[in-house]
Every structure is written in structure tokens, then in C-alpha cells.
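Structure, as C-alpha cells:
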Amino acid sequence: MDYWAICLLFVSLFGTILRTGGVELTFELPDNAKQCFFQEIEKNSTALLEFQVVTGGQYDVDVTLEAPNKEIIYKQIKTQFDSHQFTASMTGPYKACFSNEFSTFSHKIVYMEFRVGDQTLVGLGEHVTVMTQMESSAQEIFKNLNSILDYQTHHRLREAQGRKRAEELNSCVLIWSVLETLAILITSVGQVYILRTLFTERKP
């Protein structure tokens, strides 16, 4: 795994600590592989599945989301990024699967966030009375911090995509430059050899 992918993983794990529930991570999806993640969700809870292919191939994966009764509630084929919000119809483990089985040689880096519940501070979600001004301000600050975290995460994902494409472009330019240099050297040596054969006196 590349250096920037490891950094993204640490950022995602740090973001998980600040959130109320769910998981957020960046993982490597090899070619001809399929990886599934399970999340326990209570009935009538709101959940959000968000993903984005950071690098690899055509930047696409197959995604399915299954309920505990094996019912497919969300499915996408060869998609680069998307998000799906739903309300759990039953309590149990929900399974999100990412498939790269259609790819024969390119592995991919995928970012995933499986968020469960509303973003509220601990203790304020079950507030039975009207919140004070300080509590309301704390809740507003908490929401703004989560929004900033989301913006930073997506910015790092876009930066990682740009870095990968720049590295690929740099490799192509380097290979082309080496080939062009070799072609010039071969042409120069060939011209010198031809000129020498034209002006060299042949013995009878």
C-alpha cells in the first residue's frame, strides 16, 4: 500500500472516533476480489453508505448493500462514487460488498463510510427538555466540525487521485523521453555509419 493510502487510512480512523456510529476506512481491493463489511443497525435507525474509488483501473467497482434477510436494498455496477441513505427496516447486521471481480489485473484503493444514526453529541441525543443556549451552541459546533471533517476527507481523496494521475503521467513522459533519446542516438549512429561507408575508399 502506498504512503498516501496509509495516511488516508489514519485520517479515516481518526474520523471514526469523532462520529457517533459506523465505520470509515480506506482499503485495498485486489483484482478478481470481493470484500464485504458488516454493520449492526437497529430498526428505524438512519444509515448512510458512501464510497469512492481513489485509484486503480477505470476507477469503478460493483457495490451491493444487503439487509439481514438477504434482501438487496442498494446495488451499483461499475461506479466510481456514490452515496445511499436509508432507514433500517429491521435490526441486524447489514452487509456492504465491494467487488472488483470484473477486473483481471488492476487493483484499486476504495474509500468507504458506513455511518449509522444522527450526528449528535453524547448525552444530547436523548435530551428530554429544551436545550440551553450552550448545549445548542455545542451541538452546532459539533455539526460544523463533522462537516469540516467530511470536506477534509474528500479533499484528501481528490488530492490522492490527482497525485496518482500525476505520477502516471510522469511515468509516461519519462518512458517517452527515454524512447525518444534512444531513437535519436540510434539515428545519429546510423547516419555516422552511412556517411563513413560513403566516403571510405574501397580497396580493389
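The first residue of the sequence shown is numbered 1, and numbering continues consecutively from there.
- Asn100 places a side-chain N or O within 3.5 Å of a backbone atom of Ser106 that can act as its donor or acceptor partner.
- For the atom pair Phe81 CZ and Glu50 CD, the distance stands at 10.0 Å (nearest 0.5 Å).
- Residues Leu65 and Phe38 fall into different hydrophobic clusters, defined by Ile, Leu, Val, Met, Phe, Trp and Tyr side chains chained together at heavy-atom separations under 4.5 Å.
- Pairing each heavy atom of Ser99 with each of Leu29, the nearest pair is C-CD2, 3.9 Å.
- A single hydrophobic cluster is seen to contain both Leu25 and Phe51, as judged by linkage of ILVMFWY side chains at heavy-atom distances under 4.5 Å, directly or through other members.
- Pro30 and His107 get closest at one heavy-atom pair: CA-CB, 3.7 Å.
- Between Asp60 and the options Lys108, Gln76, Gln80, a side chain to side chain donor-acceptor pair (under 3.5 Å) holds for only Lys108.
- Taking every heavy atom of both residues into account, Glu28 and Gln35 meet most closely at O-NE2, 2.9 Å.
- There is no path of hydrophobic side-chain contacts, each under 4.5 Å, that joins Leu48 to Met112.
- Partner of Tyr94 under the ring-ring contact (aromatic ring centres under 6.0 Å, His included) criterion, chosen from Phe114, Tyr74, Phe86: Phe86.
- Put simply, the side chain of Cys97 does not reach to within 4.5 Å of the side chain of Glu66, judged on heavy atoms.
- Taking each heavy atom of Glu40 and Pro93 in turn, the nearest pair found is OE1-N, 3.5 Å.
- Considering only heavy atoms from C-beta on, Ser177 comes within 4.5 Å of Val173 through its side chain.
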Practice prompt. Tell me, with the steps shown, if Val110 and Val61 meet side chain to side chain contact (heavy atoms under 4.5 Å, CB included).
Written response: CA-CA 9 Å; Val110 183; Val61 291; 4.2 Å; yes

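- Taking CE of Met90 as the reference point, atom CG of Asn44 lies at 11.0 Å (rounded to 0.5 Å).
- No single ILVMFWY cluster, assembled from side-chain heavy atoms under 4.5 Å apart, contains both Leu49 and Ile72.
- From Leu174, atom CG reaches atom CG of Leu169 across 11.0 Å, with rounding to the nearest 0.5 Å.
- Side chain of Thr91 to main chain of Lys43: a donor-acceptor pair is present (N/O by atom type, distance under 3.5 Å, no hydrogens or angles).
- Residues Asn32 and Glu101 share a closest heavy-atom pair of OD1-O, 3.1 Å.
- Annotation: the span from Lys78 atom NZ to Asp62 atom CG amounts to 7.5 Å, rounded to 0.5 Å.
- Gln52 and Tyr59 are not linked by any side-chain donor-acceptor pair at a separation below 3.5 angstrom, with hydrogens and angles left out of the test.
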Practice prompt. Verify ring-ring contact (aromatic ring centres under 6.0 Å, His included) between Phe98 and Phe27, making sure each step is shown before the conclusion.
Written response: CA-CA 11 Å; Phe98 299 84; Phe27 61 95; 5.5 Å; yes

